Protein chains: 2
Amino acid sequence: MKTDQIKRETGEGRRAAIGKAARQLIVEKGLEGLRTRDIAALVGINIATLHYHVPSKEALIGLVAESIRDDFKVQAARHPRDGKTGLELLRLEFADFAETMEEAPDLIVVMAELTERARRDKAISAIMAPMGDFWRRQIAEILALGAEDGSFRTDLDPKAGALLITGALSEYARTSGKFGPAPALFAEIERAFRRSSTT
Amino acid sequence: MKTDQIKRETGEGRRAAIGKAARQLIVEKGLEGLRTRDIAALVGINIATLHYHVPSKEALIGLVAESIRDDFKVQAARHPRDGKTGLELLRLEFADFAETMEEAPDLIVVMAELTERARRDKAISAIMAPMGDFWRRQIAEILALGAEDGSFRTDLDPKAGALLITGALSEYARTSGKFGPAPALFAEIERAFRRSSTT
DNA sequence: TCATTAATCAATCACTTGATTGATAACGGG
DNA sequence: CCCGTTATCAATCAAGTGATTGATTAATGA
């Protein structure tokens with residue numbers, strides 16, 4: 001257990017540490033207030049060393065975006081999803097989201113920050129946009145499945161419904177604290193898509 | 001029609017011009033890339049003159065936040081809202097939103113940017129948070145009214161429903177272009193809250 | 001063992017950026 | 001017409017800010 005590095009660190013290890021520190025600083029100060037010097041200080045290395053591992057600030061932000069994408073992929077594949085009804089899958093989605101908010105709230109903060117930046121930065125957009133698309137498509141598939149298996153309304157538009165759900169969850173994460181407990185929101189979403197009461 | 005200022009400009013006029021230029025630049029480069037020099041250049045004045053009218057960058061961002069709030073208030077009071085059913089009011093809300101996206105898309109972009117910053121900046125938060133609250137409360141009232149007058153489901157949770165709607169509209173604005181035409185989303189929202197088919 | 005590579009840092013560069021200073025020119029009331 | 005107020009700018013400051021340079025030291029393989 002060599003906690004404190006006496007001397008050196010392997011290349012990939014450093015890159016990972018730099019990415020982690022950058023994410024932490026983005027949470028604290030925003031992308032706007034992100035400084036290479038602060039990152040280096042947090043990692044405990046010289047600025048030149050930081051530039052040795054990550055050539056530019058742009059590349060650094062790209063590194064963060066990639067690390068977010070990786071975390072997102074892990075989160076998306078956490079639970080088995082076979083042989084379940086639409087409603088069960090949707091609840092699984094809710095559970096995943098609640099779990100992420102609990103365990104890795106900074107993931108959501110940094111994602112929001114990068115999504116904002118993606119509007120102007122094509123390189124970031126290339127990484128972040130597919131993530132949003134993936135999420136929405138996954139929810140849309142769940143809704144379509146649920147409409148077939150009787151969990152949800154048959155007049156449901158899966159794509160629009162998916163936008164509703166991802167929007168609501170994002171908004172909840174953004175305003176969290178102000179709005180009450182998540183289950184109340186989850187329940188309302190279920191009612192919004194449930195099959196009409198008569199049979 | 002004195003289009004080009006030969007010499008001077010009144011104080012309030014300048015402040016307004018500075019605010020407008022700042023908003024334009026925030027749309028182009030983000031809050032992150034907002035520079036006092038760029039604003040001054042866009043207005044056509046010296047940096048010192050800018051500081052004469054707006055003492056600091058912080059005050060400048062506050063000015064932008066206030067101008068956004070003012071626009072928001074105008075937008076919110078555009079149509080008469082008395083004597084209508086919940087569904088009619090909701091449709092009015094949709095129309096207002098679509099109109100804003102059409103006529104003043106930068107309003108939405110800047111609002112998103114400031115909302116993001118509000119997370120870290122208390123002064124901005126003090127201006128922006130009430131705006132979001134106001135919007136959500138207004139929608140919640142519409143939903144509550146519609147549940148009473150028979151437009152919407154009776155098992156509707158107005159607060160959760162409002163979060164669903166504002167989240168969906170924000171998400172739509174954020175991803176616009178990717179998702180199809182707004183009416184499809186509006187229609188799905190209506191179905192989500194409509195009274196169950198029987199009766 | 002020893003040359004090569006990988007990793008690190010002190011010092012510094014070139015430029016940006018918010019803000020200030022001191023002087024100057026228009027405006028407007030008396 | 002004159003003087004105080006308002007508005008403006010050229011020049012400059014001080015503190016950053018991303019990035020580079022040149023040298024030094026640990027690891028690594030032949």
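Predicted model only: the values in this text are computed from it and were never measured. Chain letters run A, B, ... following the sequence lines, proteins first, then strands; residues in each count from 1.
A/Arg14 has no side-chain polar atom (N or O) that falls below the 4.0 Å cut-off from OP1 or OP2 of C/dA6. Using a 4.0 Å cut-off, no side-chain N or O of B/Tyr52 falls inside it from OP1 or OP2 of D/dT8. Considering only side-chain N and O atoms, B/Thr49 lies nowhere under 4.0 angstrom from the phosphate OP1 or OP2 of D/dA7.
Note that CD1 of B/Ile165 and CD1 of B/Ile139 are 5.5 Å apart. Values are rounded to the nearest 0.5 Å. Of the inter-residue distances, the one linking B/Arg136 atom CZ with B/Leu164 atom CG reads 12.5 Å to the nearest 0.5 angstrom.
Looking at A/Arg117 and B/Glu113, no side-chain N of the basic residue comes within less than 4.0 Å of a carboxylate O on the acidic one, giving no salt bridge.
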Each nucleotide of nucleotides 15-20 of chain D classed B (base within 4.0 Å of a protein heavy atom), S (only sugar-phosphate) or -, in 5' to 3' order, makes --BBBB
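In this structure, B/Ile45 places its CD1 atom 14 Å from P of C/dA19, rounding to the nearest Å. Summarising the geometry, the separation between CG on B/Asp38 and P on C/dA19 is reported as 14 Å, rounded to the nearest angstrom. In this structure, the CG atom of B/Leu25 is 15 Å from the C1' atom of C/dT17, given to the nearest Å. As rounded to whole Å, 11 Å separates atom P of C/dC9 from atom CG of A/Leu50. We find that CD1 of A/Ile18 is positioned 12 Å from C1' of C/dT8, with the value rounded to whole Å.
A/Gln24 pairs by the side-chain contact (heavy atoms from CB on, under 4.5 Å) definition with A/Glu28, A/Leu42, not counting sequence neighbours. Shown here are the salt bridge (charged side-chain N to carboxylate O under 4.0 Å, His left out) partners of A/Glu93, two or more places apart in sequence or in another chain: A/Arg81.
There is no side-chain donor-acceptor pair under 3.5 Å between A/Thr154 and A/Arg195.
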